[in-house]
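Okay, so here's the structure we're looking at.
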Protein chains: 2
Amino acid sequence: MEKAGISLSVDAVVFGYQPEQGLSILLIRRKYEPFKGGWALPGGFVLEGESLEEAVSRELKEETGVQLNYLEQLYTFGDPKRDPRRHIVSVAYFGLVRPDHFEIKADTDAEDSQWFQLDELPKLAFDHLKILEYARERLRAKISYEPIGFELLEPKFLFGDLENLYMSILGRSIDRRNFRKKMLAFGILDELDQKVKNGPGRPASLFQFNQEKYFQHQRDGFHFEI
Amino acid sequence: MEKAGISLSVDAVVFGYQPEQGLSILLIRRKYEPFKGGWALPGGFVLEGESLEEAVSRELKEETGVQLNYLEQLYTFGDPKRDPRRHIVSVAYFGLVRPDHFEIKADTDAEDSQWFQLDELPKLAFDHLKILEYARERLRAKISYEPIGFELLEPKFLFGDLENLYMSILGRSIDRRNFRKKMLAFGILDELDQKVKNGPGRPASLFQFNQEKYFQHQRDGFHFEI
C-alpha cells in the first residue's frame, strides 16, 4: 500500500422516500478490501482537479447508476482512525429522493447496490453508520426550517400522505390536529375540490403544493415546530 | 513544488465581540508565498494522524497564540482552483470569543496577527473572504436557534448591550421593543434589582443570564425570529 499522506474521499447519504414504504437509504456492497462484501455508503476518492460536488456525483453514478444534480454538504469526518488503511478524511453529502424515479445498477467498485429500509439496515462498513445517523439528524432538523415533500409526494395527495412523510423523517408520531393547523397556516398547500374515499369515514380532500409559496419558503426558510 | 495529489488544510474563522468595538475577525499576515505579506485566516495543513479539530486548534495557536478548546465545523471548501499552488481542500471552522480574553502573538508561519473590525477588512488571500462571508451568514442564522452572549457580555449588563450584540451580528438595526418582548419571554434573562444611570432618561435595569435556562436552550435550541 502506498503511503500518500492524507487522502480525501466523499460519501453520499441518499435517503429515499416512497409513500408506501417510508424512509430508505441507498447502499452499495463493496467489491474490494477493506470490508469486501460488506455494505457501505456510495463514495470514493476525490480526483485531482475535481470539485467535491463532481466527485460525489461521479461516485454515486459509478457505483449505483443514480444521477443526482444536487446533494447538500453534510459534514466532514476526519478521525484519523476512521479507515483501517490510512488517514482518509471524508466529506459527506446527503439528499432525499423518490427511489422509483431512479433505476439502480451496481457498476465499478461496487458488487451490488440496493435500497434498504431504515429499520432493516445491514451492518455498515467504516464509520458509515455514524455518518448515516448524522444525516438523519440533519434531515430531522431541516424539516423545521424548510418545506419538504414537493418531489416526494404525488402531485395530488391526501393530507395523511404528508403526515406520513413527516412521521417517517421524524421517526415518531405527531399531533395530527396541531400539525394540520400549523402546516395549513404556511399557505404552501392548496386544498382541491376533489375528494377521495379513503377507508371508513368521510371522503378526504386532495391537496397540492402551492408552488410559489413552497419555493418562497424554501428560499427564505420558515420556523416550523412539530 | 512537490506533486502530492490533493492536500488537506483547515482554516479558522474566529470572530471577536467586544461591547465597545462590535464585531471583529482574527487575521494573520502571511510569512510565505503565495500571498506573502497578505492577510489571511489562520490555518494550515492537517498532519497525518491528526484530527481536524486538533489541526485547527494547533494552527490557530501557532499562528496567533490564541488557544480555543472548541470551534464548530463550518463547511469544506473544495474548488480545485482555490489555491494557486495545487488542489488544496480546506475544512473551515468558526467561533465567537471576547478578544480581550486572549493575548495574541504571531508565531510560526505568520508574520503578524491582529483583530480587524469587520468594516475595515484588508484584502484577504485565497478564497478567505468567501469563507468569512459564509461564516458570517452561519453566525446570523445561528442566533435564531441558539442563545448567545454568555461569554461575550459582562456578567451584569444593560438590555441595550444585548441589543447591540444582536445588531452587530445581524449587521442591521432591530425593532427594539419587539426584541425585548421576545427575548424576555424565553426566560434566559434575570432582571436584577440594580439600576444604573446610562445617559439621559430613567436609570436602566441590569440583567444577567439565567444559567440554567440559557444552557437548556443552548442544548435544546429555540426558534427566535428577530
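If you're wondering where the values come from, they're calculated on a predicted model, not measured in any experiment. Lettering follows sequence order; numbering is per chain, from 1.
- Looking only at heavy-atom pairs under 4.5 Å with chain B, the residue among A:Gly221, A:Ser144, A:Ala55, A:Gly78 that has the most is A:Gly78.
- Between B:Arg29 and B:Ser113, the side chains place no donor N or O within less than 3.5 Å of an acceptor N or O (distance only, hydrogens not considered).
- Proximity to chain B (any heavy atom under 4.5 Å) is shown, for A:Glu54, by neither the backbone nor the side chain.
- Side chain to side chain, B:Glu53 and B:Tyr70 fail the donor-acceptor criterion of an N or O pair below 3.5 Å.
- The number of heavy atoms from other shown groups lying within 6.0 Å of NZ (A:Lys182) is above 12.
- Cation-pi check for B:Arg138 over B:Tyr75 is not met; the charged atom does not lie both under 6.0 angstrom from the ring centroid and within 45 degrees of its normal.
- Proximity to chain B is absent for every atom of A:Tyr145, based on heavy atoms less than 4.5 angstrom apart.
- Both the backbone and the side chain of B:Leu52 come within contact range of chain A, each with at least one heavy atom under 4.5 Å from a heavy atom of that chain.
- Heavy atoms of A:Leu47 lying under 4.5 Å from chain B belong exclusively to its backbone.
- Note that the NE2 atom of B:His128 and the CG atom of B:Leu121 stand 13.0 Å from one another [nearest 0.5 Å].
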